[in-house]
Amino acid sequence: MVKYGLDYTRCRWILPLLLGIGVIFGIIALAGRGWLESQTSPYVQQASLWESCSRSEQGGQWNCVSLMRYAWGRAAAATYLVGFLLLVICFALAIIAFAIDTLRFNFIRGIGGLLFVSAVFSIMGLVIYPVKFSSEIRMTGINMFSWAYGFGWTTAIMEICLGFFFCCLPNYEDQILGNVKPTYFYSSP
C-alpha cells in the first residue's frame with residue numbers, strides 16, 4: 001500500500017471495509033440488550049436502547065418497560081437511528097466511489113462531511129440516553145453502562161475518524177494517483 005497508495009487494487013477497499021465494520025458495530029449497538037446492566041450481584045437491572053428491564057432481588061421473571069413511552073427515549077432512539085442510517089448511506093456511497101476506476105475525490109470529501117453529520121446524531125443519542133435514563137428511571141444497586149453502549153460509542157468514534165480521513169484524502173490526490181515524482185533524501189557522493 002505504501003508503494004501504490006489507494007490506486008493499488010487491494011488497498012483501495014480499506015476505507016469501505018472500515019465503514020462496514022462501523023455499520024456492524026452500529027447494528028450490535030441497536031440490537032444489543034447491554035446498554036445498562038447491574039454491576040454487582042443481585043443482577044436486577046438491564047436495559048437496551050428500546051426497553052428497560054428489572055426484577056426483584058430474589059430473582060424471577062424480568063419486568064420490561066418500553067422506553068418509547070418517554071419523550072427522551074424516543075429522542076435518543078431516533079437520533080441514534082438517524083446517525084446509523086447516515087452511516088449506512090456513507091457505506092453505500094463509499095462502495096460506489098471506490099468501485100469506479102478513477103477515484104472521485106470531491107465525492108469522497110462529501111462522504112466525509114456526511115460522516116461528521118452522522119457522528120453528531122449518534123453522539124446526541126448517546127448523550128441523551130444516560131443523562132435522562134439515570135434521572136428518570138429508578139435503578140437498584142450499582143449499575144454500569146455496558147458493552148452495547150460501548151459499541152455505540154465505538155461507532156461514533158469511527159464516524160469521526162473516518163470523516164477526517166475522507167475529508168483529508170483529496171488533499172493528497174496527486175500522491176495517491178502516482179502523479180508526483182518521488183523525492184529521495186539520499187544522494188550518492
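These figures come from a predicted structure and were not determined experimentally. One-based numbering along the sequence shown.
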Visitor: Please confirm whether Trp35 and Tyr129 have ring centers closer than 6.0 angstrom.
Guide: yes

Visitor: Which pairs, with at least one residue in residues 16-78 and sequence neighbours excluded, count as a disulfide bond (SG atoms under 2.5 Å apart)?
Guide: Cys53-Cys64

Visitor: Measure across Leu30 and Trp50 and return the closest heavy-atom pair with its distance rounded to 0.1 Å.
Guide: O-NE1, 2.8 Å

Visitor: Looking at CG of Asn143 and CD of Glu37, how far apart are the two atoms once the value is rounded to the nearest 0.5 Å?
Guide: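 That separation rounds to 9.5 Å.
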
Visitor: Please list all pairs meeting side chain to side chain donor-acceptor pair (under 3.5 Å) that have one or both residues in residues 112-128, counting only residues at least two apart or in different chains.
Guide: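 The answer is Ser118-Glu159, Ser122-Glu159.
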
Visitor: My understanding is that only one of Val82, Leu114, Val23, Leu162 makes a side-chain contact (heavy atoms from CB on, under 4.5 Å) with Leu87; could you say which?
Guide: Val23

Visitor: Side-chain atoms of residues 67-75: list all donor-acceptor pairs with protein atoms under 3.5 Å, sequence neighbours left out, distances to 0.1 Å.
Guide:
unit_1, atom_1, unit_2, atom_2, d
Trp72, NE1, Glu136, OE1, 3.0
Arg74, NH1, Met68, O, 2.7

Visitor: Supply the atom-to-atom distance Leu19 CG to Ile111 CD1, rounded to the nearest 0.5 angstrom.
Guide: 7.5 Å

Visitor: Between Ser52 and Gln45, does any side-chain donor sit less than 3.5 Å from a side-chain acceptor?
Guide: yes

Visitor: Could you walk me through whether Thr79 and Phe84 pass the side chain to side chain contact (heavy atoms under 4.5 Å, CB included) test, one step at a time?
Guide: CA-CA 9 Å; Thr79 54; Phe84 175 74; over 6 Å; no

Visitor: How would you list, by chain and number, every residue that makes a salt bridge (Lys or Arg N to Asp or Glu O under 4.0 Å) with Arg33, sequence neighbours excluded?
Guide: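 Once residues adjacent in sequence are excluded, the partners of Arg33 under the salt bridge (Lys or Arg N to Asp or Glu O under 4.0 Å) criterion are Glu51.
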
Visitor: Would you call the rings of Phe151 and Trp147 parallel, tilted or perpendicular, taking 30° and 60° as the class edges?
Guide: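 The rings of Phe151 and Trp147 stand perpendicular, inter-plane angle above 60°.
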
Visitor: Consider only side-chain heavy atoms of I, L, V, M, F, W and Y, link residues closer than 4.5 Å, and tell whether Trp62 and Val65 are in one cluster.
Guide: no

Visitor: For a quick test of reading the model, state the closest non-hydrogen atom pair linking Pro130 to Ser134 and the distance between them.
Guide: O-OG, 2.7 Å

Visitor: Determine the sole option in Phe164, Phe165, Phe121 for which the ring-ring contact (aromatic ring centres under 6.0 Å, His included) test with Phe116 is passed.
Guide: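 Answer after filtering Phe164, Phe165, Phe121: Phe164.
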
Visitor: Testing the basics here: between Ala148 and Ala29, what is the closest heavy-atom pair and its distance to 0.1 Å?
Guide: O-CB, 3.5 Å

Visitor: Check for me, please, whether Ile137 and Val127 land in the same ILVMFWY cluster - side-chain distances under 4.5 Å, paths through other members count.
Guide: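 Yes, it is one cluster - the side chains of Ile137 and Val127 are joined through contacts under 4.5 Å.
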
Visitor: Looking at every heavy atom in both Ile128 and Ala76, which two are closest together, and how far apart are they?
Guide: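 Answer, listing the atom of Ile128 first, then Ala76: CG2-CB, 3.9 Å.
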
Visitor: Without placing hydrogens or testing angles, list every side-chain donor-acceptor pair under 3.5 Å for residues 89-100, not counting sequence neighbours.
Guide:
none

Visitor: Between Ala119 and Ala156, what is the shortest heavy-atom contact and its length?
Guide: CB-O, 4.2 Å

Visitor: Determine whether Leu126 and Tyr149 satisfy the following criterion, side chain to side chain contact (heavy atoms under 4.5 Å, CB included), listing intermediate values before the conclusion.
Guide: CA-CA 8 Å; Leu126 289 166; Tyr149 186 69; 3.8 Å; yes

Visitor: Does one hydrophobic cluster hold both Leu15 and Val88, with members joined at side-chain heavy-atom distances below 4.5 Å?
Guide: yes

Visitor: Any chain of hydrophobic side-chain contacts (each under 4.5 Å) joining Ile108 to Ile160?
Guide: yes

Visitor: Any chain of hydrophobic side-chain contacts (each under 4.5 Å) joining Leu81 to Ile27?
Guide: yes

Visitor: Got a sec, which pairs hit side chain to side chain donor-acceptor pair (under 3.5 Å) with one end in residues 81-97, sequence neighbours left out?
Guide: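 Every pair satisfying side chain to side chain donor-acceptor pair (under 3.5 Å) with a residue in residues 81-97: there are none.
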
Visitor: Please name the pair of heavy atoms, one in Gly32 and one in Ser48, separated by the smallest distance, quoted to 0.1 Å.
Guide: O-CB, 3.3 Å

Visitor: Would you give the length of the straight line joining atom CG of Leu36 to atom CD of Gln46, rounded to the nearest 0.5 angstrom?
Guide: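 Leu36 atom CG to Gln46 atom CD measures 9.5 Å (nearest 0.5 Å).
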
